[in-house]
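Each chain gets a letter, A, B and so on, in the order the sequences are listed, and its residues count up from 1.
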There are 2 protein chains.
Amino acid sequence: MLSDGRRQVVDFYLAGETFGFEVSRTHSFFAEAMVATSTRTHCLADNTGTQPELLGLALHGMLRAQEHILVIGRQTAMERVAGFLLDMSDRQGGLKHFDLPMSRLDIADYLGLTIETVSRVFAKLRASGLIKLRSIRCVEIIEKTALRGLCA
Amino acid sequence: MLSDGRRQVVDFYLAGETFGFEVSRTHSFFAEAMVATSTRTHCLADNTGTQPELLGLALHGMLRAQEHILVIGRQTAMERVAGFLLDMSDRQGGLKHFDLPMSRLDIADYLGLTIETVSRVFAKLRASGLIKLRSIRCVEIIEKTALRGLCA
DNA sequence: CGTGTGCTTGATATCAGTCAATGATTGTGG
DNA sequence: CCACAATCATTGACTGATATCAAGCACACG
């Protein structure tokens, strides 16, 4: 977050995913639970046996972060939202429909947009028949290929 | 890069810094040398002795990437450029003046802006007396505190 | 029911992008 | 050594995508 309240969501984590490793003793980020959640903590200095796994996680996190920099730095609102929906769909098993566990504000802060813009893009996608909004938090992807075409 | 040529520079690396680790066999990024450069390659599977060091580097890279997400997602052009100049200054030893090894296009693609916007912000900073442009690639920071105040 | 929160939609503003012209610097060949 | 071309940077005029401001809607909850 910035001092004046502007917020950036760095990533969303689904069940079973690991997060929160930081080098410095003073942490720069915080996490919020969107749904009922329980966590397991790991200790870095524990035993060296877990280190190789940790390296993979760190590298994966860095990759995701760097890819997200491209999204936020260079893509339009439409491209960001389309890519986000496909990512969420894939990460929940690629089913036809899936739930968004987070609010519009969280999505906006993740994509570097405002809630209004996110809402408008959703509306446009629905109007052009690419998605359906079964409920406010449940999305159904109708035209996956077309949606992919919007991601640049 | 995106298929249509839009480019995002993920980070700049100065002498002595390590870059290029990716998990997947198919790499997503590439590097370009801005100045005369020589590199040393490290092999991941080499020996486990280097692993703890690597973990630190990966975590550091992830931290930097995530902080950059905040910059690109939520800061104005002025804030981005001011922060960039301070970062470059610090990383080159915090001297009064320092060289920018990269072109305006590289800076723009790093900050998620266009060359024109970068140029205009430079002009504005110079006009308000916060920096001097000794040459096109050499910046002198006159009012460091004021510059810091612009970063939000 | 009323209230509150989150979402959508519309009207307008603004920051940064685009397009275009001009300047500065560097390198090349005559 | 100079003219020329090429590249990079600056500056201006205008446009446009997204933000901001504001109103209305819908669902959940007491």
Side-chain angles (χ1 to χ4, degrees), chain A residues 2 4-9 32 34-36 70-85 99-128 131-140 150-152, chain B residues 2 4-9 32 34-36 70-85 99-128 131-140 150-152:
Chain A
L2 297 172
D4 61 0
R6 279 175 288 175
R7 188 181 74 144
Q8 178 66 44
V9 171
E32 273 179 47
M34 313 306 317
V35 298
L70 174 60
V71 171
I72 286 183
R74 289 294 175 222
Q75 296 197 159
T76 65
M78 178 60 82
E79 290 166 346
R80 297 183 210 191
V81 172
F84 168 73
L85 289 176
D99 280 321
L100 297 173
M102 70 292 284
S103 70
R104 297 288 190 269
L105 181 60
D106 293 322
I107 298 174
D109 284 347
Y110 174 64
L111 297 175
L113 301 169
T114 59
I115 32 175
E116 292 95 331
T117 300
V118 171
S119 191
R120 274 185 253 268
V121 173
F122 271 56
K124 194 171 280 185
L125 286 173
R126 200 186 40 192
S128 45
I131 65 169
K132 253 183 206 157
L133 292 177
R134 292 195 177 187
S135 80
I136 219 150
R137 295 278 185 105
C138 181
V139 179
E140 180 180 343
L150 291 177
C151 295
Chain B
L2 297 173
D4 61 359
R6 280 175 288 175
R7 188 181 73 145
Q8 178 66 45
V9 171
E32 273 178 48
M34 315 305 317
V35 299
L70 173 60
V71 171
I72 286 182
R74 288 296 175 220
Q75 295 197 160
T76 65
M78 178 60 83
E79 290 165 346
R80 296 183 211 192
V81 172
F84 169 72
L85 289 175
D99 279 322
L100 297 173
M102 70 292 283
S103 70
R104 296 288 190 270
L105 181 61
D106 293 323
I107 298 174
D109 284 346
Y110 174 63
L111 298 176
L113 301 169
T114 59
I115 31 175
E116 291 95 331
T117 300
V118 171
S119 193
R120 275 184 253 269
V121 173
F122 271 56
K124 194 171 279 183
L125 287 173
R126 201 186 41 191
S128 45
I131 65 169
K132 252 182 204 159
L133 292 177
R134 292 195 177 185
S135 79
I136 219 151
R137 295 277 185 105
C138 181
V139 179
E140 181 181 343
L150 291 176
C151 296

### Query
A:I107 has an atom CD1; how far is it from atom C1' of C:dG6, in whole Å?
12 Å
## Note on the structure
In whole angstroms, the gap separating C1' of C:dA16 from CG of A:L113 amounts to 15 Å
### Query
How many Å lie between CZ on A:R137 and C1' on C:dT8, as a whole number?
14 Å
### Phosphate contact (C:dG17 OP1 or OP2) by B:T114 side-chain N/O below 4.0 Å
yes
### Task
Could you tell me whether B:R126 contacts a base, only the sugar-phosphate backbone, or nothing, with contacts defined as non-hydrogen atoms closer than 4.0 Å?
sugar-phosphate
### Task
For DNA chain D, find the residues of residues 116-125 of chain A with a heavy-atom distance under 4.0 Å and give them by number; none if there aren't any.
A:E116, A:T117, A:R120
### Query
Can you tell if the side chain of A:D106 reaches within under 4.5 Å of the side chain of A:R7, non-hydrogen atoms only?
yes
### Task
Mind calculating the distance between CD1 (A:I115) and C1' (C:dT8) to the nearest angstrom?
10 Å
### Query
Hey, what do you get for CD (A:Q75) to CD (B:Q8), rounding to the nearest 0.5 Å?
10.5 Å
### Message
Rounding to an integer number of Å, can you tell me how far A:M78 CE sits from D:dG16 C1'?
### Response
16 Å
### Message
Nearest 0.5 angstrom please: A:I115 CD1 to A:D109 CG, how far?
### Response
9.0 Å
### Summary
Comparing nearest nucleotides in DNA chain D, the 5'-proximal residue of the pair A:I136, A:G112 is A:G112
### Message
How many whole angstroms separate atom CG of B:L111 from atom C1' of C:dG17?
### Response
15 Å
### Task
Would you confirm whether A:R6, through its side chain, and B:R74, through its main-chain N or O, come within 3.5 Å as a donor-acceptor pair?
yes
### Message
Strictly distance-based, threshold 3.5 Å: is any side-chain N or O of B:E140 a donor or acceptor partner for the main-chain N or O of B:I131?
### Response
no
### Distance in angstrom units between B:R104 CZ and D:dT11 P, rounded
10 Å
### Message
A side-chain contact here means heavy atoms from C-beta on lying under 4.5 Å apart; do B:L125 and B:M78 qualify?
### Response
yes
### Task
Could you grab the distance from atom CG of A:L100 to atom CZ of A:F122, nearest 0.5 Å is fine?
5.5 Å
### Task
For A:R74 and for A:L105, find the nucleotide of DNA chain C with the closest heavy atom, then tell me which residue's nucleotide is more 5'.
A:L105
### Query
Rounding to a whole Å, what distance do you find between B:I72:CD1 and D:dT18:C1'?
17 Å
